[in-house]
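Written below as structure tokens is the structure these notes are about.
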Amino acid sequence: MKYEFGRIEKKWQEIWEQKKVYAAVTGSDRPKFYGLIEFPYPSGEGLHVGHPRPYTAMDIVTRYKRMQGYNVLFPIGFDAFGLPTENYAIKNKIHPAVVTKRNIARFTDQLKMLGYGFDWDRVVDTTQPEYYHWTQWIFLKLYEKGLAYKATMPVNWCTSCKCVLANEEVVNGVCERCHSEVVRKEKSQWMLKITEYAQRLIDDLDGLDYIERVKIQQKNWIGRSVGAEIDFDTTAGDKIKVFTTRPDTLFGATYMVMSPEHALVAAWADRLENLDEIRAYQEAAARKSDFERTELAKDKTGVELKGVRAVNPVTGEEIPIFISDYVLATYGTGAIMAVPGHDTRDWEFARAFGLPIVEVVAGGDIEKEAFTDCETGTMVNSGFLDGMSVETAKKTITQWLTEKGIGTEKVNYKLRDWVFSRQRYWGEPIPMVYCDKCGWVPLPESELPLLLPEVENYETTDNGESPLDRMTDWVETTCPHCGGHARRETDTMPQWAGSSWYFLRYMDPHNDKELASKEALEYWSPVDWYNGGMEHTTLHLLYSRFWHKFLYDIGVVPTCEPYKKRTSHGMILGEDGQKMSKSRGNVINPNDVVNEFGADTLRLYIMFIGDFEKAAPWSTNAVKGCKRFLDRIWNLAENRIGGDGGYSAVHEKLVHRTIRKVGEDIENMKFNTAIAAMMSLVNAFYETKPNRAEIRTLLTLLSPFAPHIAEELWEIQGFEGLACQAQWPEYDEAKTVDADREIAVQVGGKLKTTVTVPADCDDATAIAAATSDEKIRRLMEGKQLVRTIVVKNKLVNLILK
RNA sequence: GCCGGUGUGAUGGAAUUGGUAGACGUAGUGGACUCAAAAUCCACCGCUGGCGACAGCGUGCCGGUUCGAGUCCGGCCACCGGCACCA
């Protein structure tokens with residue numbers, strides 16, 4: 001009989017679907033396990049070979065858990081709002097909803113082709129009104145609690161997408177999606193106060209089972225730093241507030257710098273003697289894109305504000321004030337005290353402008369470079385701080401400033417509030433109206449979902465407004481508050497909105513009363529294991545943690561963190577070791593692989609390819625090797641011998657070891673070595689034919705990895721029920737160990753030979769066995785044995801003199 | 001510049017966390033089967049020397065700790081990812 005993968009894969013996919021073997025049951029008594037993968041964006045290109053890596057991994061984990069008796073929730077959905085679909089729609093004059101529907105159908109076929117055990121009754125689609133109803137509802141709640149606000153501020157504007165971007169979406173000064181130039185633009189935007197959660201987003205990481213690099217990257221992104229805020233008096237009467245992490249160096253502050261956008265510059269217009277020069281600098285700074293700004297980072301530029309001076313609160317000296325674009329408007333207070341002796345940037349600026357550099361921490365050579373070390377230095381030229389360590393000086397000066405009312409301790413974060421509006425059509429409408437009398441007014445919950453209207457033209461307007469802006473009938477409305485004239489918000493939500501809570505909807509996807517029932521949320525929360533890409537660490541993963549914490553605070557969800565465990569997979573590279581891309585021509589289409597080798601082979605290969613967390617290049621030859629392995633299993637089933645009892649004496653030990661190894665490896669995401677262990681078992685079965693019990697165990701172990709072939713052989717062998725519903729086999733630790741051990745014999749730490757000894761034998765027996773070996777005896781001739789080291793069941797090391 | 005990570009045969013990668021380096025797969029070589037090829041099955045497969053038993057070397061480089069180091073410590077080099085004038 002031939003292994004017709006095409007036929008059997010289709011056959012079992014239909015049977016599984018019909019029998020609903022992957023249905024999750026809310027409220028079941030069995031322990032629950034919620035395994036989650038990042039739902040795909042249904043692009044026009046269809047599934048990429050990168051997708052099956054995390055999907056197959058979690059499919060294996062959840063199948064394994066199911067076989068262990070867990071009530072498993074393993075859902076799938078589509079994150080379908082977004083720019084590529086909209087752009088495709090514009091180009092081809094098709095409604096994005098139609099494009100989305102088509103793409104989702106294609107993705108669904110491909111996912112089913114790979115035999116994933118998703119609960120297809122729980123599919124979510126973020127573009128459906130039944131879904132975005134609740135995305136909008138969460139927004140209203142955020143607004144109600146003061147966490148959504150409208151603000152006019154400089155935002156990142158992608159010149160190609162004609163759309164604002166969140167900070168997280170700007171990579172190296174260009175748009176994360178289209179790589180076009182990003183410029184700063186003043187715009188009125190909806191903002192979400194993620195900064196309010198900064199500390200909790202850091203603190204709560206401690207209790208989570210996330211891979212370490214994810215935690216580190218999130219912490220770095222949030223960027224907490226502790227210091228002080230200090231007020232400097234000025235000759236204009238206003239105070240300049242600065243933030244510093246080095247209040248200990250206050251005596252060395254010889255000038256001040258404000259960002260070019262700082263409000264005091266405008267306030268002082270009348271007093272400034274060189275206003276033209278200042279204005280010119282401000283304009284030049286505003287014109288620079290983020291990219292240019294970082295490019296030009298080497299040389300410090302700036303202009304002194306002539307006519308106003310600041311006063312150093314500890315030295316009493318008048319010091320000059322500059323504006324320079326090395327000071328960012330959006331961090332801290334937008335102004336700094338410059339301590340050129342002990343800050344690299346201030347040092348460079350001081351050198352460029354010939355400003356005095358004073359040493360206040362001894363230990364370096366400030367003639368050559370700024371001395372920034374906080375560990376070793378001693379305070380000098382600092383009045384009452386002299387002789388103190390930096391740490392002590394920090395505490396002392398902060399206390400002093402607080403007592404005098406000049407400053408206070410202060411924590412700052414790099415994280416900024418989340419720019420939440422997009423000037424685009426294909427997104428969730430923001431359920432707010434602007435009333436001339438009442439200002440911004442939220443829609444009442446009863447009016448949700450606010451449907452996305454049909455428009456004729458999806459393009460952004462020339463003045464950078466959303467296409468919805470042209471929909472006069474839709475835009476013009478009445479104020480829910482006073483009934484007067486009002487206009488709807490025409491911006492839509494960003495791509496990240498729908499994905500910030502989708503894992504909750506899976507728990508109760510058809511609920512039309514609330515985002516999910518209390519019962520379902522209590523039963524399934526939190527997600528037990530979430531696997532996804534590193535690229536989402538500071539985007540989706542952070543955003544969804546923020547939303548979840550908010551929902552926890554208002555009593556909607558029962559846990560303060562959404563995901564208990566987070567892991568991440570490496571990329572699949574092309575055969576040339578380069579990132580797969582159409583232009584390189586190294587793209588592998590999963591459909592081709594499935595047609596040629598079958599879904600089981602693809603699944604197996606993609607897990608065997610290498611360390612799950614690392615990038616790995618594709619190898620068609622190695623795919624063939626996996627197909628060969630399945631062929632060998634297929635042939636094996638015809639070559640087994642009878643005997644329904646237990647395992648045979650020849651295989652027992654290896655079978656027990658393999659059960660242990662495969663189970664442990666699945667839990668630790670070491671799928672490659674789990675497969676290697678099964679290969680070894682099959683190799684042993686080729687040496688000595690397996691019996692029925694051994695075949696049964698092999699098929700059970702194989703089932704999570706290659707479910708179709710396992711199921712078919714299961715049926716052929718006449719085992720009861722379905723392979724995918726079989727119980728995971730038990731192993732007996734006692735049966736995994738040998739009666740005898742082959743241990744290493746070393747002389748002076750160098751391996752000379754091996755000897756066989758009884759397992760767990762005492763040291764004397766091991767030494768006796770080693771020293772009676774012919775070869776070792778020869779080496780010992782004429783030498784004196786000065787020391788022996790014995791490691792039980794491993795080795796004997798003889799030290800000779 | 002700062003923060004993470006990686007470096008092992010021709011090749012993808014293993015190695016119980018300080019204890020027999022190279023499991024498993026790919027490629028390669030030899031053999032069986034075949035008129036032949038493919039497929040399949042069996043064997044070999046780190047480098048150097050030797051007919052050989054065997055000896056020496058070997059986990060990016062240099063040093064150290066240890067009876068013993070791919071694994072730990074110090075100093076380099078290379079590559080990958082993230083952040084980047086964050087005061």
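Values below: all heavy atoms of this structure, side chains included; hydrogens, waters and symmetry mates excluded. Order of the sequence lines fixes the chain letters, A, B, ..., with proteins taken first and strands second; residue numbering starts at 1 for each chain. Source: prediction; values computed, not measured.
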I need the full list of salt bridge (charged side-chain N to carboxylate O under 4.0 Å, His left out) pairs touching residues 779-788 of chain A, with sequence neighbours left out, sorted by first then second residue.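 Pairs touching residues 779-788 of chain A that pass the test: none.
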Pairs involving residues 756-766 of chain A, ordered by first then second residue, that meet salt bridge (charged side-chain N to carboxylate O under 4.0 Å, His left out) (sequence neighbours left out):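 Not a single pair qualifies under salt bridge (charged side-chain N to carboxylate O under 4.0 Å, His left out).
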Would you list the protein and nucleotides 37-41 of chain B atom pairs, both N or O, that sit under 3.5 Å from each other?
unit_1 : atom_1 : unit_2    : atom_2 : d
U40(B) : OP1    : Arg628(A) : NE     : 3.3
C41(B) : OP1    : Arg632(A) : NH1    : 2.5

What string of B, S and - do you get for nucleotides 3-8 of chain B 5' to 3' if you count protein non-hydrogen atoms under 4.0 Å? SS-S--
Would you classify [X] as touching base, sugar-phosphate or nothing, given that sugar-phosphate means primed atoms plus P, OP1 and OP2, and contacts are heavy atoms under 4.0 Å?
| X | answer |
| --- | --- |
| Arg416(A) | base |
| Glu742(A) | base |
| Asn412(A) | nothing |
| Thr330(A) | nothing |
| Lys624(A) | nothing |
| Ala615(A) | sugar-phosphate |
| Leu795(A) | base |
| Thr754(A) | base |
| Gly625(A) | sugar-phosphate |
| Lys2(A) | nothing |

Taking only the side-chain heavy atoms of [X] (C-beta and beyond), determine which of [options] contains the nearest atom.
| X | options | value |
| --- | --- | --- |
| Lys752(A) | G68(B), G12(B), G56(B) | G56(B) |
| Pro617(A) | A23(B), G12(B), A87(B) | G12(B) |
| Arg787(A) | G13(B), C67(B), C24(B) | C67(B) |
| Leu751(A) | A87(B), U26(B), A21(B) | A21(B) |
| Phe243(A) | C85(B), A87(B), A14(B) | A87(B) |
| Thr245(A) | G12(B), A14(B), A87(B) | A87(B) |

OP1, OP2 of [N] versus side-chain N and O of [X]: anything below 4.0 Å?
| X | N | result |
| --- | --- | --- |
| Asn672(A) | A14(B) | yes |
| Lys241(A) | A87(B) | no |
| Thr538(A) | G82(B) | no |
| Lys775(A) | A55(B) | yes |
| Asn797(A) | U66(B) | no |
| Lys300(A) | A87(B) | no |

Pick the [atom1] atom in [N] and in [M], then give their distance to the nearest Å.
| N | M | atom1 | answer |
| --- | --- | --- | --- |
| C33(B) | C42(B) | C1' | 11 Å |
| G19(B) | G70(B) | P | 10 Å |
| G18(B) | U71(B) | P | 11 Å |
| C57(B) | A43(B) | P | 32 Å |
| C77(B) | C67(B) | C1' | 32 Å |
| G82(B) | G28(B) | P | 37 Å |
| A69(B) | G64(B) | P | 12 Å |
| U26(B) | A21(B) | P | 26 Å |

Atom [atom1] in [X], atom [atom2] in [Y]: separation rounded to 0.5 Å?
| X | Y | atom1 | atom2 | result |
| --- | --- | --- | --- | --- |
| Ser382(A) | Glu359(A) | OG | CD | 9.5 Å |
| Met571(A) | Met580(A) | CE | CE | 10.0 Å |
| Asp343(A) | Ile336(A) | CG | CD1 | 6.5 Å |
| Lys794(A) | Ile743(A) | NZ | CD1 | 11.0 Å |

Trp221(A) or Thr753(A), whichever maps to the more 5' nucleotide of RNA chain B: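 The 5'-side residue here is Thr753(A).
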Quick check: on RNA chain B, is the nucleotide nearest Asn621(A) upstream (toward 5') of the one nearest Ile799(A), or the reverse? Name the residue that is more 5'.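 This one resolves to Asn621(A).
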Side-chain H-bond candidate by donor/acceptor type, Asn635(A) with Tyr3(A), under 3.5 Å: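 No, Tyr3(A) and Asn635(A) have no side-chain donor paired with an acceptor closer than 3.5 Å.
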Do you see a donor-acceptor pair shorter than 3.5 Å between the side chains of Ser259(A) and Tyr331(A)?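 The answer is no; no qualifying pair exists.
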For residues 745-752 of chain A, run the donor-acceptor check on the side chains, cut-off 3.5 Å, and write out each pair with its distance to 0.1 Å, sequence neighbours left out.
none

Report yes or no: is there a donor-acceptor pair, N or O only, under 3.5 Å between the side chain of Lys414(A) and the base of C83(B)?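 No, no donor-acceptor pair under 3.5 Å.
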Hey, is U71(B) sitting syn or anti, using the within-90° cutoff around 0?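 U71(B): anti glycosidic orientation.
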Is G58(B) in the syn range, within 90° of 0, or in the anti range?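 The base of G58(B) is oriented anti (glycosidic angle more than 90° from 0).
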Review item, side-chain donor-acceptor pairs of residues 620-628 of chain A, under 3.5 Å, at least two apart:
unit_1    : atom_1 : unit_2    : atom_2 : d
Thr620(A) : OG1    : Glu575(A) : OE1    : 3.1
Lys627(A) : NZ     : Asp631(A) : OD1    : 3.3
Lys627(A) : NZ     : Asp631(A) : OD2    : 3.2

Between Thr538(A) (side chain) and Gln218(A) (backbone), is there a donor-acceptor pair under 3.5 Å?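 Checked: no pair found.
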is_close_aromatic(Phe349(A), Phe322(A)), centroid dist under 6.0 Å: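 Yes.
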Applying ring pair (Phe, Tyr, Trp, His ring centres under 6.0 Å), which residue pairs with at least one partner in residues 769-792 of chain A are found, sequence neighbours left out?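 Counting only pairs at least two positions apart or across chains, no ring pair (Phe, Tyr, Trp, His ring centres under 6.0 Å) contact touches residues 769-792 of chain A.
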In chain order, what residues pass the side-chain hydrogen bond (donor to acceptor under 3.5 Å, both in side chains) check against His569(A), with sequence neighbours excluded?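 Scan of His569(A) (side-chain hydrogen bond (donor to acceptor under 3.5 Å, both in side chains), adjacent residues dropped) gives Asn531(A).
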Could you write out RNA chain B as dot-bracket? Rules: Watson-Crick or G-U wobble, both distances under 3.5 Å, brackets [ ] for crossings, | for pairs with another strand, dot for unpaired. (((((((..(((......[....))).(((((.......))))).((((....))))..(((((..]....))))))))))))....
Measure all distances between protein nitrogen or oxygen atoms and nitrogen or oxygen atoms of nucleotides 77-81 of chain B, and list the pairs falling under 3.5 Å.
none

Does atom CD of Glu375(A) have more than 12 heavy-atom neighbours, drawn from other residues, nucleotides or ligands, at distances under 6.0 Å?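 12 or below, so no.
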Identify, with sequence neighbours excluded, every residue that meets ring-ring contact (aromatic ring centres under 6.0 Å, His included) alongside Tyr197(A).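 Only Phe546(A) meet the ring-ring contact (aromatic ring centres under 6.0 Å, His included) criterion with Tyr197(A).
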Which residues pass the ring-ring contact (aromatic ring centres under 6.0 Å, His included) test with Phe612(A), sequence neighbours left out?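 With sequence neighbours excluded, Phe612(A) shows a ring-ring contact (aromatic ring centres under 6.0 Å, His included) to Phe671(A), given in chain and number order.
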